[in-house]
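Since this is a predicted model, take the numbers as computed values, not measurements. Residue numbers begin at 1 in each chain, while the letters A, B, ... track the order of the sequences.
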Protein chains: 2
Amino acid sequence: MSSPDTSAPTRRELNKTATRAAIVDAAFHQLQTHGYESLTAESVAEAANVSRRTFFNYFASIEAALNEPTKRLLENAVAVLDELDTDIDLLSAAVTVVKSLVDPKLLEPMAELCLHINTHSQMARVQLEAWENCTDSLTELIIARAPQGTELAASVFAHCIVGAGKAAFTTWARELEENPDPTDGLRIDMLRTTLADAIAQLRDGFPSLQQRAAHLRKA
Amino acid sequence: MSSPDTSAPTRRELNKTATRAAIVDAAFHQLQTHGYESLTAESVAEAANVSRRTFFNYFASIEAALNEPTKRLLENAVAVLDELDTDIDLLSAAVTVVKSLVDPKLLEPMAELCLHINTHSQMARVQLEAWENCTDSLTELIIARAPQGTELAASVFAHCIVGAGKAAFTTWARELEENPDPTDGLRIDMLRTTLADAIAQLRDGFPSLQQRAAHLRKA
DNA sequence: TGCAAACTTGCATGCCGTGCAATTTTCTAG
DNA sequence: CTAGAAAATTGCACGGCATGCAAGTTTGCA
């Protein structure tokens, strides 16, 4: 829909993206080496060779910096979905997106984050916001393609798709936590599988859970 | 499942809940009269006749205080669902919950909040956290009833149900914003209807959006 | 009635997030 | 290549947040 500036590697832009990346890297490095509690705008800025004030010119908070990869990944997903032709249904499109989506450069930090999120809800909030923005974008995308006073349906649908993604990430992260063996490559394969499974749950009407619950009436 | 202290109106408990309520009321009153920007731990505490320090003994932030009703309402919903017999399927149960659920005392502030959330993302975050906690509880509830290595399915399902609820609230709030006429009673009826519709979308496999998108291939 | 436990309060501290003005870096035109 | 414009970085200051701690004050219980 929008052509994202195919060529503009002016010096200024390069410096800005470099600085931005440096801050994010510094934040993650410190997170891994010294833990979440140690994170300070001051310390991260210093590690990124920037002043504290400049840090805040780029990010409104430490959490925002840590969630940059997540934000990018989710925005990217919606963008890819937006590019796809309108003549395939959304769930199929979602599958396509998932397959193409997963950039290790963004997933690594995302995984790292998930390990800390359970213990520090502060961090979780900004990430929740990223998922929420994703849902909003998706809702608009759906409404734009089927605009007939079906706003509620569109919103529910969007929530389900994004919810499936979130569920997949959550489950994936939990499995990783219990079983931190696998190599990076395998991790990503696991995630892809989990994401595909989650979307399949949506496509199949609804999980076997329903029937099971019904059948399960006390013997 | 858990018996929530049927009788314990000791003086201390009463005082604490009174103080807690006073803080929440003070926060909402100031929100309506002077706007979000004016909210300060200091000012809210003063309005509730408590010291600033005591405010922080009850809530970790202004946002947490403002989200108390939301939190209560969602936790209440899950609790009601938990009480229901296992031999009805979850979507039917959800409908039941929705019908019984909606306590005006909690909904009023929730509606008020929704009007401010769009303009102040700070506030949205804590509310997102409340929804997320709701999803987690629901996931555990589902897993407990159908425990067979279907954690992912359970999580997806929970996300969908809660997502439908969130979608309903969002849509409802948006409609209210465009059209702030109705009386309080009507508002709640609208919400009930919207919630029921949202859940119906889930039950009906999936919204007509899918077929529509497929049929809609460029003529 | 008196003591222990629970609750409140003030104080102090470190960090956050932002407006502002000065400084440095990058771009552009001549 | 250079001078000035535009953009980015920096330091400073300020108000507010959130929490530990060490008093005070209220409530419960024997």
Side-chain angles (χ1 to χ4, degrees), chain A residues 5 7-27 30-31 34-68 71 116 119-126 129, chain B residues 5 7-27 30-31 34-68 116 119-127 129:
Chain A
D5 247 352
S7 66
T10 146
R11 184 58 168 260
R12 265 183 188 149
E13 315 251 349
L14 287 181
N15 285 348
K16 285 199 84 170
T17 56
T19 303
R20 177 167 278 261
I23 292 176
V24 173
D25 287 350
Q30 189 171 345
L31 176 65
H34 300 283
Y36 178 74
E37 306 291 357
S38 82
L39 287 176
T40 292
E42 182 99 29
S43 63
V44 172
E46 190 179 14
N49 282 310
V50 197
S51 75
R52 177 188 128 90
R53 190 60 184 83
T54 295
F55 172 91
F56 281 113
N57 283 344
Y58 281 85
F59 297 103
S61 66
I62 300 260
E63 289 78 25
L66 290 173
N67 273 288
E68 175 81 354
K71 197 165 159 274
H116 294 262
T119 50
H120 298 284
S121 64
Q122 290 232 352
M123 194 180 305
R125 282 183 207 151
V126 184
E129 205 182 357
Chain B
D5 248 353
S7 65
T10 146
R11 183 59 169 257
R12 267 187 184 143
E13 317 250 348
L14 286 180
N15 284 348
K16 285 198 82 170
T17 56
T19 303
R20 177 167 277 263
I23 292 176
V24 174
D25 287 351
Q30 190 172 344
L31 176 64
H34 300 284
Y36 179 74
E37 305 292 356
S38 83
L39 287 175
T40 290
E42 182 98 28
S43 63
V44 171
E46 190 179 14
N49 283 311
V50 197
S51 75
R52 179 190 133 85
R53 189 61 184 85
T54 296
F55 172 91
F56 281 112
N57 284 344
Y58 281 85
F59 297 102
S61 65
I62 300 261
E63 289 79 25
L66 290 173
N67 273 288
E68 174 82 355
H116 293 263
T119 50
H120 299 283
S121 63
Q122 291 233 349
M123 194 179 302
R125 283 183 205 151
V126 185
Q127 207 184 47
E129 204 180 358

Notebook entry, point to check: With a 4.0 Å cut-off, would you call B:Arg20 and B:Glu68 a salt bridge?
Noted result: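 A salt bridge links B:Arg20 with B:Glu68.
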Got a list of side-chain donor-acceptor pairs under 3.5 Å for residues 54-61 of chain A, not counting sequence neighbours?
| residue | atom | partner | partner atom | Å |
| --- | --- | --- | --- | --- |
| A:Thr54 | OG1 | A:Ser51 | OG | 3.1 |
| A:Asn57 | OD1 | A:Arg53 | NH1 | 2.9 |
| A:Ser61 | OG | A:Ala64 | N | 3.1 |

Rounded to whole angstrom units, what separation is found between the [atom1] atom of [X] and the [atom2] atom of [N]?
{"X": "A:Arg12", "N": "D:dA8", "atom1": "CZ", "atom2": "C1'", "result": "7 Å"}
{"X": "B:Glu13", "N": "D:dC29", "atom1": "CD", "atom2": "P", "result": "10 Å"}
{"X": "A:Lys16", "N": "D:dA6", "atom1": "NZ", "atom2": "P", "result": "17 Å"}

Notebook entry, point to check: Between B:Tyr36 and B:Glu63, does any side-chain donor sit less than 3.5 Å from a side-chain acceptor?
Noted result: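 Per modelled atom types, B:Tyr36 and B:Glu63 side chains form a pair under 3.5 Å.
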Note to self: Ignoring hydrogens, what is the shortest heavy-atom contact between B:Ser38 and B:Gln30? Give both atom names and the distance.
What the structure shows: O-NE2, 3.2 Å
Note to self: Could you measure the distance from the CD1 atom of B:Ile62 to the CG atom of B:Leu31? Nearest 0.5 Å is fine.
What the structure shows: 10.0 Å
Margin query: Working to the nearest 0.5 angstrom, can you tell me the gap between A:Ser43 OG and A:Arg52 CZ?
Written below: 11.0 Å
Margin query: Using heavy-atom distances to pick each residue's nearest nucleotide on DNA chain D, tell me which of B:Phe56 and B:Asn15 is more 5'.
Written below: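 On the 5' side of the pair lies B:Phe56.
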Next item on the list: At under 4.0 Å between heavy atoms, which parts of nucleotides 10-15 of chain D does protein reach? Answer with one letter per nucleotide, 5' to 3': B base, S sugar-phosphate only, - none.
Entry: BBB---
Next item on the list: Ignoring backbone atoms, establish whether A:Tyr58 has a side-chain N or O less than 4.0 Å from OP1 or OP2 of D:dA8.
Entry: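 For A:Tyr58, the contact criterion (side-chain N or O under 4.0 Å from OP1 or OP2 of D:dA8) is not met.
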Margin query: I'd like to know whether B:Glu37 forms a side-chain contact (heavy atoms from CB on, under 4.5 Å) with B:His120, so could you lay out the CA-CA distance, the side-chain angles of the two residues, the decisive distance to 0.1 Å, and finally the verdict.
Written below: CA-CA 9 Å; B:Glu37 305 292 356; B:His120 299 283; 2.9 Å; yes
Note to self: Against A:Val44, only a single residue in A:Val50, A:Leu66, A:Val24, A:Leu39 fulfils side-chain contact (heavy atoms from CB on, under 4.5 Å); can you say which?
What the structure shows: A:Leu39
Next item on the list: Give me the first and last nucleotide of DNA chain C, going 5' to 3', that has any atom under 4.0 Å from a heavy atom of chain A.
Entry: C:dC16 to C:dC27
